[in-house]
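Read the structure below first, then the notes.
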Amino acid sequence: MKLIDLRSDTVTRPGKEMLQAMMDAQVGDDVFDEDPTVKQLEEKAANLFGMEGGIFCPSGTMTNQIAIRISTLPQDEVICDHRAHIYNYEAGGLAYNSLVSVKLLDGDRGRFTADDVKNNVRPDDIHAPRTSLVSIENTMNKGGGSYYTIDQIGSIAETCRELGLNFHLDGARVFNALVETGESPEEYGQYFDTISICLSKGLGAPIGSLLLGTKEHMKKAKRVRKVLGGGMRQVGYLAAAGIYALDHHIDRLREDHQKARILGETLEALPYVDSVMPVDTNIVIFSLEEGISTSEYLAELDKKNIKAVPFGPNEIRFVTHLDFDDDMLSETVKSLRQITF
Ligand SMILES: *Cc1c(COP(=O)(O)O)cnc(C)c1O
């Protein structure tokens with residue numbers, strides 16, 4: 001029986017065509033700026049989002065950390081939601097790499113508004129940290145894959161401009177948001193100073209993220225990437241996987257969303273489930289009835305050959321992805337219904 005892995009959309013493996021594209025890549029030393037495939041990927045992604053430039057990095061943590069570093073000074077404060085990846089899952093990097101503190105908001109499933117920004121910006125006072133950066137996450141992982149529309153983004157961007165704040169997008173799953181709203185990534189460029197996108201989540205590449213921004217930003221970003229150990233050599237082999245992913249794996253994210261909705265509906269009807277967060281994209285977060293522990297439940301899933309992750313004291317997360325096919329969906333629905341407590 002095949003393992004059904006719903007822990008994350010990072011667990012996918014490259015398919016034959018992607019591997020072939022990697023094998024065929026033209027490469028050079030990217031630290032010397034000589035890898036044509038990396039350049040091609042960086043230009044492609046920047047154009048897609050209407051930004052001037054991009055740099056290829058090994059991880060989304062690195063692209064976010066670089067963005068924060070080039071958009072702040074030590075002692076500054078970053079505004080983000082308390083569920084944000086940059087705050088919870090980047091090993092304290094904000095403090096460690098950029099010497100900044102955070103102002104945590106409590107948005108609607110992770111989404112805050114322009115007014116929230118206005119109400120939380122610090123006064124110009126020597127006692128206070130200086131607010132310099134606002135960061136949003138789209139889609140929002142801990143919000144159960146909730147997303148912002150371009151209008152909501154536009155109004156936060158306007159406020160940031162009025163208040164002289166930098167605006168960053170942690171877009172690890174931005175393509176999931178875009179296929180749901182039907183909006184174009186090109187519209188994003190006018191609103192954000194920096195954008196981080198991920199190739200190794202829903203898009204199915206084995207590795208890689210890009211930081212996008214102005215030419216000026218990218219110059220600074222390259223130096224920070226170097227100090228973080230992210231200068232890579234013949235990395236066009238990996239960039240080729242990214243190009244393939246951008247060309248072939250965006251539209252199909254809809255299928256992941258449809259499967260996630262079916263999982264959500266299945267769970268809603270089960271006696272051991274207390275509640276299911278609305279399923280907007282490819283993430284399903286649900287809580288178990290009182291008295292059932294996450295470890296007990298995960299052990300039951302494990303017996304059915306299904307893997308998931310605990311996501312809070314009594315919550316579980318499923319993430320659908322490229323390697324979770326129709327047969328696995330039917331198998332999972334059947335198994336979820338068989339589990340009893
Ligand atoms: C996965 C993820 C990242 C980056 O993670 P890496 O594992 O470092 O690539 C950043 N932000 C969000 C919202 C993510 O889900």
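One-based numbering, in listed order, for ligands and for the atoms of each. For the numbers below, each heavy atom of this structure counts, side chains included, while hydrogens, waters and symmetry mates do not.
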### Message
Does E290, at its CD atom, have more than 12 non-hydrogen atoms belonging to other residues, nucleotides or ligands within less than 6.0 Å?
### Response
no
### Heavy-atom nearest neighbour in the protein, as seen from atom 11 (N) of ligand 1, with distance rounded to 0.1 Å
D170 OD2, 2.7 Å
### Task
Just jot down the ligand 1 atoms closer than 4.0 angstrom to any heavy atom of A172, in number order.
2 (C), 3 (C), 10 (C), 11 (N), 12 (C), 13 (C), 14 (C), 15 (O)
### Query
Do D9 and R173 meet the salt-bridge criterion of a basic N to acidic O distance under 4.0 Å?
yes
### Message
Checking side chain to side chain contact (heavy atoms under 4.5 Å, CB included) between M328 and each of I4, L3, D323, which is the one that passes?
### Response
I4
### Task
Answer side chain, backbone, both or neither: which part of N64 comes under 4.0 Å from ligand 1, heavy atoms only.
side chain
### Identified side chain to side chain contact (heavy atoms under 4.5 Å, CB included) partner of L169 from the options D193, L212, I197, V174
V174
### Message
I'd like to check which ligand 1 atoms, numbered from 1 as shown, lie under 4.0 Å from a non-hydrogen atom of S59.
### Response
8 (O), 9 (O)
### Task
Report the part of T61 in contact with ligand 1, treating N, CA, C, O as backbone and CB onward as side chain, heavy atoms under 4.0 Å; options are side chain, backbone, both, neither.
both
### Message
Can you name the atoms of ligand 1, numbered from 1 with element, that are less than 4.0 Å from a heavy atom of E137?
### Response
13 (C)
### Query
So is R173 polar-close to ligand 1, meaning N/O to N/O under 3.5 Å?
yes
### Query
Is the backbone N or O of K142 less than 3.5 Å from a side-chain atom of R317, with the two atoms forming a donor-acceptor pair by type?
no
### Task
Answer yes or no for atom 7 (O) of ligand 1: protein heavy atom present at a distance under 4.0 Å?
no
### Task
Give the intermediate values and the outcome of ring pair (Phe, Tyr, Trp, His ring centres under 6.0 Å) for residues F167 and Y188.
CA-CA 11 Å; F167 191 25; Y188 271 54; 9.7 Å; no
### Query
Nearest protein heavy atom to atom 9 (O) of ligand 1, by residue and atom, and its distance?
G60 N, 2.8 Å
### Query
So, are D33 and K222 salt-bridged, with charged N and O less than 4.0 Å apart?
yes
### Task
Run down the list M62, K142, H85 and name the one with the heavy atom closest to atom 10 (C) of ligand 1.
H85
## Note on the structure
For atom 14 (C) of ligand 1, the closest protein heavy atom turns out to be K201 NZ, 2.8 Å
### Query
Counting only heavy atoms not in E186, do more than 12 fall under 6.0 Å of its CD?
no
